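Have a look at the structure below before the remarks.
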There are 2 protein chains.
Amino acid sequence: MDAVIDAARALAGLTLPELAERGGLSMPPSLSRSKGFIGQAVERALGLEPKSGPGPDLPGLEIKTLPVELIQKMPRSVESTFVCTVQRDRLDVSWAVSAPRSKLARVLFVPIEARGAPHVRRVGAAFVWTPSDDDDARLAADWESITGQLLLHGHERITARLGTIMQVRPKAASAASRALSRDETGALSRALPRAFYLRRAFTTELLARTGLR
Amino acid sequence: MDAVIDAARALAGLTLPELAERGGLSMPPSLSRSKGFIGQAVERALGLEPKSGPGPDLPGLEIKTLPVELIQKMPRSVESTFVCTVQRDRLDVSWAVSAPRSKLARVLFVPIEARGAPHVRRVGAAFVWTPSDDDDARLAADWESITGQLLLHGHERITARLGTIMQVRPKAASAASRALSRDETGALSRALPRAFYLRRAFTTELLARTGLR
DNA sequence: ACGGATCCATCATTGGATCCAG
DNA sequence: CTGGATCCAATGATGGATCCGT
């Protein structure tokens, strides 16, 4: 899988149409509407099959694109990063064995210029992040506060304001979406699907660290 | 819903292309490949929306097409009739509250000529079946023998030979299909999906009863 | 700036059933 | 003849994320 990391670094400098071509895809008419396109193009360009079921992209490595803009030569993340969906019946487990912790154990971030026309937006220098002990402690604290709220007040009252570097937000086709799930009491019910995300400020911090090495 | 029964009776005599037109559908190139087409055309012709989730087609009425051929003027069913899929974690319930019993509580059978070119095959006289006490007892006996085998020996060893009027057979895209389900012990596992079916001989009996009234 | 809302592709499941080798 | 295998359409879930009103 280090081969994949090298391959990702080799993508640096490509424009979006060039990236799409590497992946054997053609550019969609509107990137605004095809929100997942760049992520899928990266995976295809790295030779990965469209995902077959749950689990990481590769054993032990999660791949994420990271939309970035340069402010006075410093890179800044422009969007939060999706981690995984909230499993209503797995909120009582400890951070150590939680789904978000597994997903974030080792992440290959592929920065992508976020502004401008597709042919001027380029792939940046990919880097691998493994949470430091401090990162892990911050994530654990957010996990505790978020799952605490979810268990206490249910899924309809959660807010994205909770969590300093990780938060929970809706993840659905629309606010009317309702997915079947098992709630805290074990009963089946329908609720708006939600997911864990890394905050922009945190991924911006990861970009800064990378520049300092 | 009696309106639906009347509407179904009014379909009698239509050829398959005429039925398709009533449903706002065009005939598929091959009925052999579009196995569910006639069933869907009947539902559309009756003004029913494509199904929204589990549950009966209408509250308290399940609609089934019944392919039929005439042998010396007597109608005979040419295929078994799908009832519902086998829920591996609901095999320990009594027949009284089982899924097959609910499905079969009241069925609107719409006979369809099974032989010949589409434009010569016609819709027959729809009829409603509600299990007699004797029917229900026979179904209950089959339920007991089938669930007994499934609970004792698991899903991989079940055979369609079990059951006098209701049986269990595979229901899948291929023999390689594996669906996630919860087994007898409550553990998650993958198995070939199976379903309950009414045997041909039994639906032929229902056709004969109808002719005698 | 950001919390809440939304968009697309793909895969799995479900419901409509009939096909077909032995 | 019939037990086992298979076919299609539609829906729902999941994974890829970014959009956008306040």
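Predicted model only: the values in this text are computed from it and were never measured. Reminder, nothing fancy here: chain letters follow the sequence lines and each chain counts from 1.
- The side chain of A:L192 approaches C:dA5 more closely than any other nucleotide in the set C:dA5, C:dT13, C:dT18.
- Atom-to-atom, CG of A:L198 to P of C:dG3 comes out at 14 Å; the value is rounded to the nearest Å.
- Taking 4.0 angstrom as the limit, B:S80 places none of its side-chain polar atoms (N or O) nearer than this to OP1 or OP2 of D:dT2.
- In this structure, A:T65 reaches the sugar-phosphate backbone alone: every heavy-atom distance under 4.0 Å involves primed, P, OP1 or OP2 atoms, never a base.
- Proximity of B:R161 to the phosphate of D:dG4: a side-chain N or O atom is located under 4.0 Å from OP1 or OP2.
- Look at A:R33 and you'll find a side-chain N or O under 4.0 angstrom from OP1 or OP2 of C:dC8.
- At most 12 non-hydrogen atoms from other residues, nucleotides or ligands lie less than 6.0 angstrom from CD of A:E21.
- Across every non-hydrogen atom of B:R190 and B:L180, the tightest pair is NH1-N, 3.4 Å.
- Applying the 3.5 Å distance criterion, the base of C:dT13 shares no donor-acceptor pair with the side chain of B:R178.
- Of the two residues near DNA chain D, A:A172 and B:Y197, the one whose nearest nucleotide lies more 5' is B:Y197.
- Across all strands shown, A:L180 has heavy atoms under 4.0 Å from sugar-phosphate atoms exclusively, and none from any base.
- Contact check of residues 34-41 of chain A against DNA chain D (heavy atom, cut-off under 4.0 Å) returns A:K35, A:G36, A:G39, A:Q40.
- Evaluation of atom-type donor-acceptor distances gives no pair under 3.5 Å for the side chain of A:R200 against the base of D:dT18.
- For B:I112 and C:dG16, the CD1 to C1' distance is 13 Å, given to the nearest whole Å.
- Among the heavy atoms of the strands lying under 4.0 Å from A:T159 are primed sugar atoms or P, OP1, OP2 only; no base atom is included.
- Looking at B:K171, its side chain comes within 3.5 Å of the base of C:dG16 through a donor and an acceptor atom.
- Using a 4.0 Å heavy-atom criterion, one finds that A:P67 contacts the sugar-phosphate atoms exclusively.
- When the side-chain nitrogen and oxygen atoms of A:S174 are compared with OP1 and OP2 of C:dC7, none of them lie within a distance under 4.0 Å.
- Look at A:S32 and you'll find a side-chain N or O under 4.0 angstrom from OP1 or OP2 of D:dC19.
- Without hydrogens or angle criteria, B:R200 side chain to B:S77 main chain gives a donor-acceptor distance under 3.5 Å.
- Side-chain proximity of B:F82 to D:dG3, C:dG3, C:dA17: nearest is C:dA17.
- Other residues, nucleotides and ligands place more than 12 heavy atoms under 6.0 Å from the CZ atom of B:R178.
- Within 4.0 Å of A:R76, counting heavy atoms only, lie sugar-phosphate atoms of the nucleic acid but no base atom.
- Residue A:A114 is classed as having no contact, given no heavy-atom separation below 4.0 Å to the nucleic acid.
- Between the CZ atom of A:R199 and the P atom of C:dG3 there is a distance of 5 Å, given to the nearest Å.
- For the pair B:Q167 CD and C:dT18 P, the computed distance is 14 Å after rounding to whole Å.
- If one axis is set at each end of the helix from C:dA1-D:dT22 to C:dG22-D:dC1 from five pairs, those axes are 20° apart, to 10°.
- Note: B:Y197 and B:F82 have perpendicular aromatic rings, judged against thresholds of 30 and 60 degrees for the angle between ring planes.
- Contact between B:R44 and B:G23 at its shortest, heavy atoms only, is CB-O, 3.5 Å.
- The 5' end of DNA chain C is approached more closely, in terms of each residue's nearest nucleotide, by A:E69 than by the other of A:E69 and A:R44.
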